[in-house]
Protein chains: 2
Amino acid sequence: MAASPTASPATLHDVAREAGVSLATASRSLNGSTRKVNDEYRQRVLAAAARLNYSPNFSAQAVAKGSTSTVALLVSDIADPYFSSIAAGVIRAAETQGLIVTMAVTERSTERELELVRALRGQRPRVMILTGSRSDGSESQAALVAELKAFAATGGRVVLISQEGLPFSTVVVDNYLGARALANSLVGQGYRRFAAIGGARTLVTSRDRLAGFADGLAEHGIAIHPDHIVRGEFTRDGGFAAATELLADGIGQIDLVFAVSDVMAIGAMSAFREAGIVVPRDIAVAGFDDIDTARDVTPALTTVHIPLADLGQQAVELALSDAALSSDEVIRVETRVVLRASSPQL
Amino acid sequence: MAASPTASPATLHDVAREAGVSLATASRSLNGSTRKVNDEYRQRVLAAAARLNYSPNFSAQAVAKGSTSTVALLVSDIADPYFSSIAAGVIRAAETQGLIVTMAVTERSTERELELVRALRGQRPRVMILTGSRSDGSESQAALVAELKAFAATGGRVVLISQEGLPFSTVVVDNYLGARALANSLVGQGYRRFAAIGGARTLVTSRDRLAGFADGLAEHGIAIHPDHIVRGEFTRDGGFAAATELLADGIGQIDLVFAVSDVMAIGAMSAFREAGIVVPRDIAVAGFDDIDTARDVTPALTTVHIPLADLGQQAVELALSDAALSSDEVIRVETRVVLRASSPQL
DNA sequence: CGCAGTGCGGAATGCGTTTTCCCACATATT
DNA sequence: AATATGTGGGAAAACGCATTCCGCACTGCG
C-alpha cells in the first residue's frame with residue numbers, strides 16, 4: 001500500500017507486462033484503434049489497466065500521434081461575466097468533443113496577448129480561440145497576425161470572437177446593427193437627449209457600438225453632443241469613472257446614457273446611485289451584451305442581448321468544421337434589443 | 001510563402017541543422033539549461049529559431065523531462081462569478097510561475113467531477129485544484145478520494161478550495177464563523193425575525209453557513225422558524241425559486257432573509273422585485289461571498305467578504321510549496337462582514 | 001614539458017506512446 | 001492438396017525533446 005512517497009505513474013509498458021501481451025496490443029486495446037484485438041486479450045489488458053490504475057499519458061500520446069486534443073482560449077479577464085460566459089460556451093462545446101481547454105488571460109494588453117499566443121503555440125493546440133476587443137493601430141497587431149498565421153500554417157485552427165477585419169475565421173456580433181436597433185427602440189420609448197459612455201477610442205467594439213448608436217439616433221434627427229460622450233476603461237470601474245465625469249458636467253440635459261457594455265453600464269449605475277441620482281427617474285441607462293446580472297440589477301438593465309455562451313460554442317464548432325480551413329469564414333450572430341426597467345416608456 | 005497547406009511545425013532538429021550545431025547544443029541554447037554554451041553558437045541557434053519560427057513542443061518536453069508545467073482546475077460553473085473570481089486568482093498565480101492552467105467544469109455533479117479527475121490525470125498536471133462545495137454522503141466521494149490519492153501518490157499535488165474534511169491540502173473559508181459574525185452584525189442592526197435560503201441539505205458549505213448563522217442568532221436567543229428555511233439550487237435561479245416559495249408562505253413575519261450565497265441572494269432580490277416587494281423597505285437581504293456584483297445591485301448587498309481571487313492564488317501557492325507534501329496542510333482565509341444598504345440599521 | 005583539471009560540443013539514450021511492418025496462423029479458393 | 005487471402009499479435013521504428021556520457025581542446029600548475 002504505502003508506496004514510495006512519489007512513485008511514477010504506471011505506463012503502458014507496465015500494463016502490457018501485467019497483461020502478458022505486447023505494447024502494441026495494449027495500446028490497441030486501450031484506445032479503439034482501427035485494428036481489432038482478440039476479445040480475450042482486450043479483457044486482460046483492461047483488467048490489468050484497472051489493477052494498475054493506469055492513466056494514459058496525454059503528452060506522450062500527443063508526441064506519438066503528432067496532434068493534441070486541446071483548445072486554447074484567450075480572454076481579457078475571466079472574472080468579467082462577458083468573458084466567463086463565453087468561456088462557459090467554449091468549455092461546454094469542447095468537452096462534448098473530448099477536448100481539453102486551456103485558458104490564459106491577456107489583461108486587455110495587446111502585448112501580453114502576443115506573448116501568450118507565442119507561448120500557447122508550444123501546446124500545439126488543435127484550436128486557438130481569441131476573444132476580447134481588437135485595438136487597432138496597435139504595434140503588436142501585425143506581429144500577432146504573423147504569429148497566428150504561423151500557427152495556422154502548421155495545421156492549427158484559429159478562430160476569433162467578436163473582432164472583424166483580421167484574416168481568420170470569426171464569430172462576430174453585429175455591434176453596429178445592435179446598437180442602431182437599440183437607439184431606435186429608445187427613441188421609440190420617448191428618449192431624445194442622450195449621453196454615451198465608451199471605451200478607449202481605438203477599441204473596435206466600442207467604436208462600432210457608438211457608431212451604430214449614433215447612426216440610429218441620426219435616423220430620427222438626433223445627435224449626441226460631443227461633450228456628452230465620455231470614455232473610460234472597458235470595465236465596471238471604467239464605467240463608474242465615466243459616469244462620475246458625466247455627473248461633474250451636470251446631467252440636466254440628459255435623458256438616457258448608453259454605455260457600450262453592460263459592465264460599464266452597471267458601474268455607471270453604481271456611480272449614479274452613490275451620487276443620489278435615481279435610475280430611471282432622474283436618468284435612464286442602457287447597456288450592451290446582456291450579461292446575466294443585467295436582469296438582476298435594479299432597475300433591470302435595458303441592453304442588447306448577445307447569446308454569449310453560444311458565441312463560445314460556435315467558435316469551437318467553427319474551428320473544428322472544415323469551413324475554418326478557408327481561413328476567413330464568418331459566422332454572424334444575431335443580437336436583440338431587450339428593454340427593461342432602466343429605460344421605461346416616457 | 002504559400003507553403004503546403006499544412007506543413008508541420010519546425011522541430012528542434014530543424015533548428016539545429018539550420019544553425020549547424022547539434023541537437024544538444026540547440027536544446028541547451030533555447031532553454032537555459034545548467035550547461036553553458038558558447039555565445040556565438042547560442043546566437044546562431046537563436047537566430048535560426050527565429051528564422052524558422054520555432055516554438056518548442058511542450059508535449060515532447062513533458063515526455064522528455066517527465067513532468068509538465070500545467071495546473072488543472074476544476075470548477076462547478078465558470079460563468080458563476082464565485083468561481084470565475086477564484087479562477088482569475090488561480091490563473092494569475094499560475095502565470096507568474098510559468099504554469100499553464102487547464103480548466104474543466106463539473107456542472108455541480110459529483111459523478112462528473114470524478115470522470116473529470118480521471119481524465120485530467122492523463123495530463124499529468126503538476127497541480128490539481130478542486131473547487132466547489134463538497135456534497136457528503138455521495139457515492140462517488142470515496143472513488144474521488146481514491147482517484148486523487150492515486151494522483152498524489154505519483155507525485156501530483158492536490159489542493160482543495162473551500163471544502164474541509166478530505167485528506168488533502170486545502171484552502172478553507174471559515175463559513176461557520178463568517179455566518180455567525182454576520183448574524184451578530186444583523187442583530188446589531190436591529191433585525192430579529194429571520195428567514196434563510198439554503199442549498200441542498202447535503203452541501204457542506206450551505207450547511208456550515210446555515211449552522212453558523214443559526215448559532216449566531218442563538219447567542220441572542222433568536223431562532224429561525226423551520227418553515228422559514230427554504231432550499232433551492234446553489235444558483236441564481238435557485239435563489240429566485242426559494243424566495244418565490246418564501247413569498248407564497250407570506251413574509252409578514254420576516255425582517256431579513258439570509259441567503260447562503262450572493263448569487264442566491266441576488267436571485268432572491270430579483271424575485272422580490274418582480275413581486276413588488278421592496279428591499280430593504282419590506283424585507284432586508286443578506287448574502288455570502290461578496291462577489292463583485294454584490295456592490296452593484298440595488299440596494300447594495302450586505303454579505304460576508306471572501307477574498308475570492310486570493311483563494312485561487314493561495315491554492316496554487318500552497319500546491320507548489322513543500323507544505324503540500326504533508327498532504328493535509330490547511331490555509332484558513334479570513335472573512336469579513338460587509339454591511340450594505342440591503343440591511344440598513346433599523 | 002607533462003599531467004590533472006575544466007569547459008563545452010556531439011552522439012547516443014531514453015521518455016511513453018502510436019504505428020508501421022513483418023510474420024505466423026487460419027480460412028477460403030481452385 | 002496447394003496456393004491465395006485475410007486476421008491479428010509482436011518487434012521495432014518513429015515522434016520531439018532533454019540529458020547523460022564521451023571525448024576533444026584548452027588551461028594552469030609543478
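Chain letters run A, B, ... following the sequence lines, proteins first and then strands; every chain starts at 1.
For A:E18, the salt bridge (Lys or Arg N to Asp or Glu O under 4.0 Å) partners at least two apart in sequence or on another chain are A:R51. Judged as a salt bridge (Lys or Arg N to Asp or Glu O under 4.0 Å), and not counting sequence neighbours, B:E107 has no contacts. Legend: residues meeting side-chain contact (heavy atoms from CB on, under 4.5 Å) with A:Q163, ordered by chain and number and at least two apart, are A:L130, A:R134, A:L160.
Scanning DNA chain D 5' to 3' for nucleotides with an atom closer than 4.0 angstrom to a non-hydrogen atom of chain A gives a first and last hit of D:dG8 to D:dC15.
Atom CD in B:E40 sits about 16 Å away from atom C1' in C:dG7, given to the nearest Å. One atom, CG of A:N38, and another, P of C:dA26, lie 13 Å apart when rounded to the nearest Å. Taking atom CG of residue A:L12 and atom P of nucleotide C:dT18, one finds them 6 Å apart after rounding to whole Å.
The residue among B:R124 and B:K36 whose nearest nucleotide of DNA chain C is located toward the 5' end is B:K36.
A salt bridge links A:R112 and A:E115; the closest N-O separation between the charged side-chain nitrogens and carboxylate oxygens is under 4.0 Å.
Applying the salt bridge (charged side-chain N to carboxylate O under 4.0 Å, His left out) test to every pair with at least one member in residues 122-131 of chain B, sequence neighbours left out, gives no pairs at all.
A 4.5 Å side-chain heavy-atom check between B:T106 and B:S76 finds at least one atom pair inside the cut-off. Residues A:L74 and A:M128 are not in side-chain contact: their nearest non-hydrogen atoms beyond the backbone lie 4.5 Å or more apart.
B:T170 places no side-chain N or O within 3.5 Å of a backbone atom of B:V172 that could act as its donor or acceptor partner.
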When you compare the protein's N or O atoms with those of nucleotides 10-14 of chain C, which come within less than 3.5 Å of each other, and at what distance?
| unit_1 | atom_1 | unit_2 | atom_2 | d |
| --- | --- | --- | --- | --- |
| C:dG10 | OP2 | B:S22 | N | 2.9 |
| C:dG10 | OP2 | B:S22 | OG | 3.4 |
| C:dG10 | OP2 | B:T25 | OG1 | 3.1 |
| C:dG10 | N7 | B:R28 | NH2 | 2.9 |
| C:dG10 | O6 | B:R28 | NH1 | 3.4 |
| C:dG10 | O6 | B:R28 | NH2 | 3.1 |

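Residue contacts shown for A:F58 are absent, as no nucleic acid heavy atom lies under 4.0 Å away.
Counting only heavy atoms from C-beta on, A:T11 has its side chain closest to C:dT17 among C:dC8, C:dT17, C:dT18.
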